[in-house]
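To start, the structure under review is shown below, and the notes come after it.
Everything numeric here is computed off the predicted structure, so don't read it as measured data. Below, chain A is the first sequence line, B the second, and so on; all start at residue 1. Only heavy atoms go into these numbers, but all of them, side chains included; no hydrogens, no water, no symmetry mates.
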There are 2 protein chains.
Amino acid sequence: MNSLIDALRAQGLRATPQRAIIFEALEKLEGHFTAEDIFAEVQQVNPYISLATVYRTLELLQNLDLVTSTNLGGNQTYYALKDHCSHHHLVCQACGGIEEFCDDIFEPVRVMLAEQYGFEARTDHLSIFGLCKKCRKAGQN
Amino acid sequence: MNSLIDALRAQGLRATPQRAIIFEALEKLEGHFTAEDIFAEVQQVNPYISLATVYRTLELLQNLDLVTSTNLGGNQTYYALKDHCSHHHLVCQACGGIEEFCDDIFEPVRVMLAEQYGFEARTDHLSIFGLCKKCRKAGQN
DNA sequence: CTTTGTGCAAAGCGTTTGCATCCTG
DNA sequence: CAGGATGCAAACGCTTTGCACAAAG
């Protein structure tokens with residue numbers, strides 16, 4: 001459970017309560033969330049933790065490879081605990097809903113990109129935009 | 001050639017010199033570029049055109065379906081003339097280079113997403129991150 | 001005790017907007 | 001001329017940073 005503490009120690013970094021609280025918030029909030037989301041969650045535990053610390057800790061956690069950041073198209077950055085099995089996002093342009101889908105759908109694409117372009121795709125930060133099931137039915141155009 | 005003028009007229013909008021200059025800059029700059037890039041280009045023609053007008057015109061051109069905007073992972077938005085055949089971006093995480101690749105590679109993915117998730121993918125704003133050919137050879141890890 | 005981490009407030013950065021002025025149609 | 005378009009500068013929202021203080025090792 002203390003993967004965070006361990007990771008920090010391993011790097012000679014300090015295990016502060018702020019970092020622990022922020023990390024717990026990340027575990028609690030499943031899925032993808034903004035710095036503000038995390039800040040709000042964190043403040044319920046300790047209202048004196050600052051937003052700057054949240055940002056600094058998120059950057060730290062990215063360096064430790066525990067957190068990923070993604071830009072889902074808007075103006076804010078979305079963060080998530082780095083997942084074991086990589087997955088992608090289906091972002092609905094109508095309702096803004098985010099759904100995840102499994103990486104193996106991309107296997108054919110990865111292969112083709114490697115063959116045709118020599119490009120090694122790291123498909124862990126992928127977002128696909130479009131219309132989700134619900135909005136397709138609702139709109140029907 | 002005056003697709004812009006025509007499009008503007010068709011919407012009852014005004015064909016101003018600023019809009020024409022910005023549109024020409026877009027044609028001149030091939031590929032993807034930021035508002036600042038366009039601004040710099042535009043200023044060589046007329047240094048009195050403001051950045052605000054560039055942004056406003058870019059938004060207008062998007063509404064006219066002549067320009068697309070993409071977020072390639074950084075903090076800036078990238079714009080491009082809308083292409084006939086839609087394409088995607090291979091963004092190299094090492095050198096930052098952007099390569100384009102054709103949409104039809106995604107056909108299998110689109111089909112699978114529709115079948116499995118009922119998601120209608122609009123794959124015109126897609127970026128895939130990874131390592132380009134050159135950087136793969138250079139790094140070799 | 002040394003050095004890293006924190007909080008606060010201010011700065012940064014790309015983008016948007018209010019308002020007076022300009023100019024297209 | 002009337003209403004859309006522009007330029008300027010200020011506002012905005014998210015994120016980063018400088019600095020003095022707190023606290024981890």
Side-chain angles (χ1 to χ4, degrees), chain A residues 2 4-25 32-43 45-64 66-79 96, chain B residues 2 4-25 32-43 45-64 66-80:
Chain A
N2 283 336
L4 204 218
I5 309 282
D6 297 344
L8 290 173
R9 293 257 162 81
Q11 304 280 321
L13 299 168
R14 294 185 180 169
T16 66
Q18 286 90 335
R19 288 175 175 171
I21 292 171
I22 291 169
F23 192 73
E24 277 165 28
H32 311 82
F33 23 79
T34 65
E36 290 285 351
D37 294 335
I38 299 160
F39 181 53
E41 187 62 34
V42 158
Q43 288 221 309
V45 182
N46 181 341
Y48 296 106
I49 293 180
S50 75
L51 183 55
T53 296
V54 171
Y55 276 109
R56 283 190 279 232
T57 302
L58 285 171
E59 194 189 342
L60 177 77
L61 291 173
Q62 287 181 74
N63 295 338
L64 295 177
L66 294 172
V67 157
T68 60
S69 72
T70 321
N71 200 316
L72 295 173
N75 34 339
Q76 291 169 87
T77 303
Y78 285 77
Y79 301 87
Chain B
N2 283 336
L4 205 219
I5 309 283
D6 296 346
L8 291 173
R9 294 258 163 78
Q11 303 281 322
L13 299 168
R14 294 184 180 170
T16 66
Q18 287 91 334
R19 287 176 176 173
I21 292 171
I22 291 170
F23 193 72
E24 276 165 30
H32 312 83
F33 22 78
T34 65
E36 290 285 348
D37 293 335
I38 299 161
F39 182 52
E41 187 62 35
V42 157
Q43 287 221 310
V45 182
N46 180 341
Y48 297 107
I49 292 180
S50 76
L51 184 54
T53 296
V54 170
Y55 276 110
R56 282 190 278 231
T57 302
L58 284 171
E59 194 189 343
L60 177 76
L61 291 174
Q62 287 182 73
N63 294 338
L64 295 178
L66 293 173
V67 158
T68 59
S69 72
T70 322
N71 201 316
L72 295 173
N75 34 338
Q76 293 169 85
T77 303
Y78 286 77
Y79 300 87

Report the nucleotide, chosen from D/dG13, D/dT6, C/dT15, that has the shortest atom-to-atom distance to any side-chain atom of A/Asn75. D/dG13

Starting at the 5' end of DNA chain C and moving along, which residue's nearest nucleotide shows up first, B/Tyr79 or A/Asn46? A/Asn46

Does the side chain of B/Leu4 reach to within under 4.5 Å of the side chain of B/Leu61, using non-hydrogen atoms? yes

Provide, to the nearest angstrom, the distance between the CD atom belonging to B/Gln18 and the C1' atom belonging to C/dT21. 13 Å

Judged by each residue's nearest nucleotide on DNA chain D, which is more toward the 5′ side, B/Arg19 or A/Tyr55? B/Arg19

Rounded to whole Å, the CZ-P distance (A/Phe23 to C/dG5) equals 17 Å

Could you tell me how far apart B/Ile21 (CD1) and D/dG7 (P) are, to the nearest whole angstrom? 9 Å

So, does A/Thr53 get its side chain near the phosphate of C/dG5, meaning an N or O under 4.0 Å from OP1 or OP2? no

So A/Leu13 and A/Arg19, do their side chains get closer than 4.5 Å, heavy atoms only? yes

Could you tell me the separation between the CG atom of B/Leu13 and the C1' atom of D/dG3, rounded to a whole number of Å? 12 Å

Candidate nucleotides C/dT6, C/dT4, C/dG25, ranked by approach to the side chain of A/Thr16 - the nearest: C/dT6

Given A/Val42, which partner from the list A/Leu51, A/Thr57, A/Ile49 fulfils the side-chain contact (heavy atoms from CB on, under 4.5 Å) test? A/Ile49

Using whole Å, report how far CG of A/Leu60 lies from P of D/dT17. 15 Å

Among C/dT6, D/dG7, C/dT15, the one nearest B/Arg56 by side-chain distance: D/dG7

If you take atom types as modelled and just measure distance, does the side chain of B/Arg14 reach the base of C/dG25 with a donor-acceptor pair under 3.5 Å? no

Counting side-chain heavy atoms from C-beta on, which of C/dC8, D/dA5, D/dG7 comes nearest to B/Ser50? D/dG7

d(A/Glu59 CD, A/Leu64 CG) to nearest 0.5 Å is 11.0 Å

How many Å lie between CD on A/Gln62 and P on D/dT16, as a whole number? 9 Å

Minimum side-chain heavy-atom gap B/Leu60-B/Leu66 below 4.5 Å: no

By nearest atom, which of the nucleotides D/dT6, D/dT15, C/dT17 is closest to the B/Ala52 side chain? C/dT17

Atom pair distance, as rounded to whole Å: CD in A/Gln76 and C1' in D/dC14: 7 Å

To the nearest angstrom, the OH-P distance between B/Tyr78 and C/dG14 comes to 10 Å

